[in-house]
Amino acid sequence: MKKLPLHTQIIIGMVLGLVYGLLTLKTGIPSWITIDFIKPIGTIFINGLKMIAMPLVLASLIIGVANLGDISKLSRIGGKTLISFLLTTVIAIVIGLVLVNFFKPGEAIPASTKDNLMKSYEVAAGTRADAASELKEQGPLQPIVDMVPENLFQAMTDNTAMLQVVLFAILAGIALLQIPKSKAEPVIAFFDGLNEIIIQIVTYIMMIAPYGVFALMASLIVEIAGDNPDSAVELLLALLKYSLIVLSGLFLMMLVIYPLFLKSFTKVKYLDFFKAIRPAQLLAFTTSSSNATLPVTMKLTEEELGVSENVSSFVLPLGATVNMNGTSLYQAVAAVFIAQALGMELTLGDQVMIVLTSTLAAIGSAGVPGAGLIMLIVVLESIGVPAAGIALIMAPDRILDMFRTVVNITGDVVVATVVASTEGELPDGMIRKKNPFTANESVQELN
Ligand code: ASP
C-alpha cells in the first residue's frame, strides 16, 4: 500500500487527537488517563525537536554567515533580510491595528463578563505579570543589553535565550570570514557536519510526528477544558469577536500579504509554496513553537522550495528568533482590545507607540509557546494600560498561539524565498530537490 504523505498523516493525527479529546470530555473519561498516558508521547516528540533547536541555530547560523563568503555579501543578504523582516512585521501590526480599531471588539464585552474574565484569570495573569514585572522595572535599552550573554554556555542551556546565541553565532560567522582560511576551514567543516547530523535527526523525530501531534492535540483539549468545560466555552464565546479579529488579520497575512510578496519578488507560485511547507505549518500549529518547528522549516525550505543552504541557514534561524509577524499582529490587536475593554481612549500617538513596541516585543519574544503573551505586557506598559488586563485575553490565547505561530514561520520562509530569488536563486520558481520525509513520493507527482 502506498504510504500517505507526511502532511496527510499529521492532519489525520491532529483530527483524531481533537476527536479523542472531545470524546473524553463528553464521555467523562478521567483526564488523568490522557495526561498520564497520552500526553507523554507528545512531550517526547516536542522535546525531541526542542533538543535540537539550540545546536541547530548555533551551527546553521555560523555556517550560514561563514558560507556567504565575504562581508559584502553578508551585508547585502543581511540588509535584505532585515528590511524584509521589518517590513512584514510593520505590515502585520498595521493590519492588526486597522482591524481592531474598525471593529472595536473590546467595547462589546458586557461589564459582568469582563468582571468574570478578570476574576477567573487573575491568578494566572498575576503569574505572567510577575514573569514580566522585571521587564517593567528595566530601562528602555534593556532589550539590547539582554542580547549580549554574560556566559554563552549558560545562554545555550536556555531555549528562551535564543537571541543571545544568535548574536554569538553571527559574530562567530563574521570572525570566520576574517581569520586565515586555514584556521577557518576546519571550524566551518565541523559546524557543517553538526548541521547535517541535526537535519538527519529531524528525519528520525518526524517519524513519530503523527503520533506526537495526536497526543499534543488530545491533551491540549483536555487541559483547556480543565475541570469546568462549560465555563471554558462561555469565556471562549465572550472572546470570540476578539479572536476572530486576530484570526482575520492572520489570514490576511497568509492569503494576501505573503502571496503579494512572493509575486512581487519571486517566480514561486503561492500554491506550490504553500504545499511545500505544509508539514512545517502543521507542526507550528500543533507545537505553537517556532523554535521546535525550525529544523523542519529549514529542511523543507531547502529541499522542497530549493532555497540554497546559504540563504536558508542564515535567514531561517534568525527569523525563528526575531521575525514574528503573527505575534506582532496579535500583540497590536490584544493591546487595543484590552484598552477598549477597560474603557481607555487611545490617541494616535499611542497607536504609533504600539507599532514601535509590538515590533520590539515580537523581536524579543522567544519562539516558544505563550512567549507573545508575556511580551504583550511591554506593549501595554508603553501605552499606560494596566498589565493585569492580559487576564481578559488569556482564555483563547493557547488557540491563538497556534495560529500566530503558523504565520510566524510562514513569514520566515517567505523572506528566505524572497532573499533567495533576489540573489538569483530559483530563476524558474520552485525547485524540488528531493523529497525530505517520504521516500516513495516522486518529484513528478507534485510538479
Ligand atoms: N508561540 C510563538 C512562536 O513560537 C510565539 C508567541 O507568539 O507566543 O512563534
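Only a predicted model underlies this, so the values are computations on that prediction, with no experimental measurement involved. The analysis underlying the following values was restricted to heavy atoms, covering all of them including side chains, and did not include hydrogens, waters or symmetry mates. Just so you know, residue 1 is the first one in the sequence shown, and it goes up from there. Atoms within a ligand are numbered from 1 in the order they appear, just like the ligands themselves.
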Colleague: Of the protein's non-hydrogen atoms, which lies at the shortest distance from atom 6 (C) of ligand 1, and what is that distance?
Modeller: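 Protein heavy atom with the smallest distance to atom 6 (C) of ligand 1: Gly372 N, 3.2 Å.
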Colleague: Just jot down the ligand 1 atoms closer than 4.0 angstrom to any heavy atom of Ser289, in number order.
Modeller: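 This gives 4 (O) as the contact atoms.
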Colleague: Donor-acceptor pair, distance only, cut-off 3.5 Å: does the side chain of Gln9 make one with the backbone of Leu4?
Modeller: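 Present.
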Colleague: Show me which atoms of ligand 1 lie under 4.0 Å from any heavy atom of Gly370.
Modeller: 8 (O)
Colleague: Near Thr327, which atoms of ligand 1 are under 4.0 Å from a heavy atom of that residue?
Modeller: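 Counting atoms of ligand 1 from 1, those under 4.0 Å from Thr327 are 5 (C), 6 (C), 7 (O).
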Colleague: For atom 1 (N) of ligand 1, what's the nearest protein heavy atom and its distance?
Modeller: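 For this ligand atom, the closest protein heavy atom is Asp401 OD1, 2.7 Å.
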Colleague: At what distance, to the nearest 0.5 angstrom, does OG1 of Thr357 lie from CD1 of Ile377?
Modeller: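 So the gap between those two atoms works out to 13.0 Å.
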Colleague: If only atom types and distance count, is the side chain of Gln340 paired as donor or acceptor with the main-chain N or O of Val100 below 3.5 Å?
Modeller: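 It does hold such a pair.
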Colleague: Can you tell me how far CZ of Phe85 sits from CE of Met324, rounded to the nearest 0.5 angstrom?
Modeller: 10.5 Å
Colleague: Do Leu329 and Ile93 come close enough that some side-chain heavy atom pair is under 4.5 Å?
Modeller: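 SC-SC contact between Leu329 and Ile93 ruled out.
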Colleague: So, is Asn291 polar-close to ligand 1, with some N/O to N/O distance under 3.5 Å?
Modeller: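 Among all N and O atoms of Asn291, none is under 3.5 Å from an N or O of ligand 1.
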Colleague: Could you list the atoms of ligand 1 found under 4.0 angstrom from a heavy atom of Val368?
Modeller: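 Counting from 1, the qualifying ligand atoms are 1 (N), 2 (C), 4 (O), 5 (C), 8 (O).
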Colleague: Tell me which part of Ile409 gets within contact of ligand 1: side chain, backbone, both or neither, using heavy atoms under 4.0 Å.
Modeller: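 Neither; no heavy atom under 4.0 Å.
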Colleague: Nearest 0.5 Å please: distance from the CG atom of Leu305 over to the OG1 atom of Thr417.
Modeller: 5.0 Å
Colleague: Please give me the minimum heavy-atom distance between Val406 and Gln281, naming the atom from each residue.
Modeller: CG2-O, 3.5 Å
Colleague: N/O to N/O below 3.5 Å, does that happen between Met324 and ligand 1?
Modeller: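 No, since none of the N or O atoms of Met324 sits under 3.5 Å from an N or O of ligand 1.
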Colleague: Report yes or no: does Asp192 contribute a side-chain atom to a donor-acceptor pair with the main-chain N or O of Ile63 at less than 3.5 Å?
Modeller: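 No.
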Colleague: Suppose we measure from atom 9 (O) of ligand 1 to each protein heavy atom; which comes out shortest, and what is that distance?
Modeller: Ser290 OG, 2.4 Å
Colleague: Of Thr405, Thr321, Leu294, which has the heavy atom at the shortest distance from atom 2 (C) of ligand 1?
Modeller: Thr405
Colleague: Which atoms from ligand 1 have a heavy atom of Gly367 less than 4.0 Å away?
Modeller: 3 (C), 4 (O)
Colleague: Can you check whether Leu373 has an N/O within less than 3.5 Å of an N/O in ligand 1?
Modeller: no
Colleague: Does any N or O in the side chain of Ser289 come within less than 3.5 Å of the main-chain N or O of Gly367, such that one atom is a donor and the other an acceptor?
Modeller: yes
